[in-house]
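Atoms within each ligand, like the ligands themselves, are counted from 1 in listed order. One is the number of the first residue; the rest follow in order along the sequence.
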Amino acid sequence: MNLSIYAKNFLETFILFLPAMVANGTPVVVGRLIKNSHPIDFGFRFFDENPLLGPGKTWEGFFGGLVVGAIFGLLAHFLLPQYSLILTSFYVPLGALLGDIFGSFLKRRLGLRRGEPLPLLDQLDFYLGVLIVLILCNKVPDIVSLILMAITIYFLHRATNFAAYKLGLKSVPW
Ligand code: CTP
Ligand code: MG
(Lines give C-alpha, C1' and ligand atoms only; values in the text may rest on other atoms or scores of the structure.)
(Ligands and ions follow the chains in the order given, each with its own letter.)
Protein backbone atom coordinates (compact mmCIF):
# COMPACT_ATOMS: atom_id res chain seq x y z
CA MET A 1 0.00 0.00 0.00
CA ASN A 2 1.43 3.33 -1.02
CA LEU A 3 0.39 5.89 1.60
CA SER A 4 1.77 8.82 -0.34
CA ILE A 5 -0.73 8.16 -3.14
CA TYR A 6 -3.58 8.36 -0.59
CA ALA A 7 -2.09 11.54 0.87
CA LYS A 8 -1.75 13.10 -2.59
CA ASN A 9 -5.32 12.13 -3.56
CA PHE A 10 -6.67 13.51 -0.30
CA LEU A 11 -4.76 16.77 -0.69
CA GLU A 12 -6.20 17.20 -4.19
CA THR A 13 -9.70 16.39 -2.90
CA PHE A 14 -9.25 18.94 -0.10
CA ILE A 15 -8.30 21.61 -2.66
CA LEU A 16 -11.36 20.61 -4.72
CA PHE A 17 -13.65 21.04 -1.70
CA LEU A 18 -11.99 24.21 -0.36
CA PRO A 19 -14.19 26.58 -2.46
CA ALA A 20 -17.25 24.76 -1.06
CA MET A 21 -16.11 25.21 2.52
CA VAL A 22 -15.46 28.90 1.87
CA ALA A 23 -18.83 29.27 0.10
CA ASN A 24 -20.56 27.65 3.06
CA GLY A 25 -18.83 29.86 5.65
CA THR A 26 -19.09 33.21 3.85
CA PRO A 27 -22.85 33.71 4.49
CA VAL A 28 -22.24 33.67 8.25
CA VAL A 29 -20.03 36.77 7.86
CA VAL A 30 -22.35 38.33 5.25
CA GLY A 31 -25.28 37.79 7.64
CA ARG A 32 -23.45 39.86 10.25
CA LEU A 33 -22.34 42.61 7.88
CA ILE A 34 -25.70 43.16 6.18
CA LYS A 35 -28.44 43.84 8.65
CA ASN A 36 -31.61 43.84 6.53
CA SER A 37 -30.90 40.84 4.32
CA HIS A 38 -33.63 39.22 2.25
CA PRO A 39 -34.80 35.64 2.86
CA ILE A 40 -34.60 33.38 -0.20
CA ASP A 41 -38.10 32.05 0.53
CA PHE A 42 -39.49 35.63 0.80
CA GLY A 43 -41.17 34.51 4.02
CA PHE A 44 -43.29 31.91 2.23
CA ARG A 45 -44.62 28.92 4.13
CA PHE A 46 -44.93 25.37 2.82
CA PHE A 47 -48.06 23.18 2.93
CA ASP A 48 -47.13 22.14 6.47
CA GLU A 49 -47.38 25.83 7.52
CA ASN A 50 -43.68 25.88 8.43
CA PRO A 51 -41.36 28.31 6.58
CA LEU A 52 -40.21 27.01 3.20
CA LEU A 53 -36.53 27.56 4.16
CA GLY A 54 -36.59 29.98 7.08
CA PRO A 55 -34.83 33.34 7.67
CA GLY A 56 -31.37 31.73 7.92
CA LYS A 57 -31.12 31.42 4.11
CA THR A 58 -30.76 34.83 2.47
CA TRP A 59 -30.04 36.08 -1.06
CA GLU A 60 -27.13 38.15 0.26
CA GLY A 61 -25.59 35.07 1.90
CA PHE A 62 -26.18 33.01 -1.23
CA PHE A 63 -24.56 35.43 -3.70
CA GLY A 64 -21.80 36.37 -1.24
CA GLY A 65 -20.93 32.69 -0.86
CA LEU A 66 -21.09 32.17 -4.62
CA VAL A 67 -18.68 35.04 -5.40
CA VAL A 68 -16.13 34.31 -2.66
CA GLY A 69 -16.41 30.56 -3.29
CA ALA A 70 -15.81 31.05 -7.03
CA ILE A 71 -12.66 33.09 -6.31
CA PHE A 72 -11.34 30.13 -4.30
CA GLY A 73 -12.55 27.86 -7.10
CA LEU A 74 -10.26 29.69 -9.51
CA LEU A 75 -7.47 29.26 -6.98
CA ALA A 76 -8.17 25.50 -7.01
CA HIS A 77 -8.00 25.58 -10.80
CA PHE A 78 -4.53 27.14 -10.71
CA LEU A 79 -3.33 24.77 -7.98
CA LEU A 80 -4.56 21.73 -9.93
CA PRO A 81 -4.28 22.81 -13.58
CA GLN A 82 -4.20 19.19 -14.76
CA TYR A 83 -7.92 18.82 -13.86
CA SER A 84 -9.13 21.99 -15.65
CA LEU A 85 -11.47 23.17 -12.90
CA ILE A 86 -12.64 26.43 -14.51
CA LEU A 87 -16.29 25.38 -14.71
CA THR A 88 -16.07 23.47 -11.43
CA SER A 89 -14.83 26.65 -9.71
CA PHE A 90 -18.34 28.02 -10.14
CA TYR A 91 -20.37 24.80 -9.87
CA VAL A 92 -18.73 23.53 -6.66
CA PRO A 93 -19.72 26.63 -4.59
CA LEU A 94 -23.15 26.54 -6.24
CA GLY A 95 -23.58 22.89 -5.24
CA ALA A 96 -22.48 23.68 -1.69
CA LEU A 97 -24.95 26.55 -1.32
CA LEU A 98 -27.83 24.58 -2.86
CA GLY A 99 -27.02 21.61 -0.61
CA ASP A 100 -27.16 23.90 2.42
CA ILE A 101 -30.49 25.32 1.23
CA PHE A 102 -31.89 21.83 0.73
CA GLY A 103 -30.71 20.97 4.26
CA SER A 104 -32.75 23.86 5.65
CA PHE A 105 -35.73 22.76 3.55
CA LEU A 106 -35.55 19.32 5.18
CA LYS A 107 -35.10 20.79 8.66
CA ARG A 108 -38.23 22.94 8.25
CA ARG A 109 -40.18 19.87 7.07
CA LEU A 110 -39.13 18.15 10.31
CA GLY A 111 -40.52 21.12 12.23
CA LEU A 112 -37.09 22.39 13.34
CA ARG A 113 -36.77 26.15 13.60
CA ARG A 114 -33.88 28.18 12.23
CA GLY A 115 -30.67 27.34 14.05
CA GLU A 116 -32.05 24.24 15.78
CA PRO A 117 -29.48 21.46 15.38
CA LEU A 118 -29.82 18.42 13.16
CA PRO A 119 -26.55 16.53 13.63
CA LEU A 120 -24.81 15.24 10.50
CA LEU A 121 -27.18 17.08 8.13
CA ASP A 122 -26.01 20.47 9.52
CA GLN A 123 -22.39 19.55 8.84
CA LEU A 124 -22.75 17.52 5.65
CA ASP A 125 -25.62 19.05 3.63
CA PHE A 126 -23.21 21.15 1.56
CA TYR A 127 -20.85 18.19 1.13
CA LEU A 128 -23.67 16.20 -0.48
CA GLY A 129 -24.48 19.16 -2.76
CA VAL A 130 -20.85 19.24 -3.90
CA LEU A 131 -20.79 15.49 -4.41
CA ILE A 132 -23.76 15.72 -6.80
CA VAL A 133 -21.97 18.50 -8.73
CA LEU A 134 -18.78 16.43 -8.96
CA ILE A 135 -20.77 13.45 -10.26
CA LEU A 136 -22.43 15.68 -12.89
CA CYS A 137 -19.06 17.20 -13.88
CA ASN A 138 -17.43 13.76 -14.01
CA LYS A 139 -14.79 14.77 -11.45
CA VAL A 140 -15.53 12.38 -8.58
CA PRO A 141 -12.50 11.73 -6.31
CA ASP A 142 -11.64 8.20 -5.13
CA ILE A 143 -13.79 6.67 -2.37
CA VAL A 144 -11.08 6.83 0.33
CA SER A 145 -10.58 10.56 -0.25
CA LEU A 146 -14.35 11.11 -0.25
CA ILE A 147 -14.76 9.38 3.13
CA LEU A 148 -11.76 11.21 4.63
CA MET A 149 -13.16 14.48 3.27
CA ALA A 150 -16.58 13.88 4.86
CA ILE A 151 -14.90 13.23 8.23
CA THR A 152 -12.66 16.30 7.82
CA ILE A 153 -15.60 18.53 6.91
CA TYR A 154 -17.65 17.23 9.82
CA PHE A 155 -14.99 18.18 12.37
CA LEU A 156 -13.91 21.39 10.59
CA HIS A 157 -17.53 22.51 10.46
CA ARG A 158 -17.99 21.89 14.16
CA ALA A 159 -14.73 23.67 15.04
CA THR A 160 -15.31 26.72 12.81
CA ASN A 161 -18.92 27.10 13.95
CA PHE A 162 -17.81 26.95 17.56
CA ALA A 163 -15.18 29.61 16.81
CA ALA A 164 -17.81 31.74 15.00
CA TYR A 165 -20.08 31.41 18.07
CA LYS A 166 -17.25 32.49 20.40
CA LEU A 167 -16.49 35.46 18.12
CA GLY A 168 -20.14 36.50 18.25
CA LEU A 169 -20.72 35.77 14.54
CA LYS A 170 -23.25 33.02 15.27
CA SER A 171 -25.85 32.77 18.01
CA VAL A 172 -25.56 28.97 18.30
CA PRO A 173 -22.33 26.90 18.36
CA TRP A 174 -23.37 24.42 15.57
N1 CTP B 1 -26.75 32.44 5.82
C2 CTP B 1 -27.36 33.29 4.88
N3 CTP B 1 -27.71 32.81 3.65
C4 CTP B 1 -27.45 31.54 3.30
C5 CTP B 1 -26.84 30.66 4.22
C6 CTP B 1 -26.51 31.14 5.47
O7 CTP B 1 -27.57 34.47 5.18
N8 CTP B 1 -27.79 31.14 2.06
C9 CTP B 1 -26.34 33.00 7.13
C10 CTP B 1 -27.51 33.18 8.09
O11 CTP B 1 -27.26 34.33 8.87
C12 CTP B 1 -27.42 31.91 8.94
C13 CTP B 1 -25.92 31.72 9.04
O14 CTP B 1 -25.41 32.12 7.75
O15 CTP B 1 -28.02 32.08 10.19
C16 CTP B 1 -25.51 30.30 9.36
O17 CTP B 1 -25.95 29.40 8.35
P18 CTP B 1 -26.60 28.01 8.75
O19 CTP B 1 -25.94 27.46 9.95
O20 CTP B 1 -26.66 27.16 7.53
O21 CTP B 1 -28.12 28.47 9.09
P22 CTP B 1 -28.97 28.35 10.42
O23 CTP B 1 -29.15 29.72 11.00
O24 CTP B 1 -28.43 27.28 11.30
O25 CTP B 1 -30.38 27.92 9.84
P26 CTP B 1 -30.91 26.45 9.46
O27 CTP B 1 -31.58 25.94 10.69
O28 CTP B 1 -31.84 26.72 8.34
O29 CTP B 1 -29.71 25.63 9.06
MG1 MG C 1 -27.35 25.19 9.59
Cation-pi between Arg109 and Phe105: NZ/CZ under 6.0 Å from ring centre and within 45° of the ring axis? yes

Side chains of Phe90 and Leu74: closer than 4.5 Å at any heavy-atom pair? no

Is Gly54 near ligand 1, meaning one of its heavy atoms is under 4.0 Å from it? no

Given Glu60, Arg32, Arg114, identify the one with the heavy atom nearest to atom 11 (O) of ligand 1. Arg114

Glu116 N/O under 3.5 Å from ligand 1 N/O: no

So that I can tick it off, tell me whether Asp48 and Arg108 are bridged by a salt bridge, with the cut-off set at under 4.0 angstrom between side-chain N and carboxylate O. no

So for ligand 1, is Gly56 a polar contact partner (N or O within less than 3.5 Å, distance only)? yes

Looking at ligand 1, does any of its N/O atoms fall within less than 3.5 Å of an N/O of Ser104? yes

Checking contacts here: is it the side chain or the backbone of Asp100 that comes within 4.0 Å of ligand 1, counting heavy atoms only? Could be both or neither. side chain

Can you tell me how far apart CZ (Arg32) and CG (Leu167) are? Round to the nearest 0.5 Å. 11.0 Å

Any donor-acceptor N/O pair, Tyr127 side chain to Ala20 backbone, under 3.5 Å: no

N or O contact, Gly115 vs ligand 1, cut-off under 3.5 Å: yes

Just jot down the ligand 1 atoms closer than 4.0 angstrom to any heavy atom of Phe62, in number order. 8 (N)

Smallest separation among heavy atoms of Asp122 and Pro117, with atom names: OD2-CA, 3.3 Å

Check whether any N or O atom of Thr58, backbone or side chain, sits under 3.5 Å from an N or O atom of ligand 1, and answer yes or no. yes

Of the choices Gly103, Ser171, Pro27, which has the non-hydrogen atom that lies closest to atom 9 (C) of ligand 1? Pro27

Kindly compute the distance separating CE (Met149) from CG (Leu146), expressed to the nearest 0.5 Å. 9.5 Å

Within the 4.0 Å heavy-atom shell around Arg108, which atoms of ligand 1 are there? 26 (P), 27 (O), 28 (O)

Between ligand 1 and Val28, can you find any atom pair, the residue atom being a heavy atom, that is separated by under 4.0 Å? yes

Does Lys57 come within less than 4.0 Å of Asp41, counting only side-chain N to carboxylate O? no

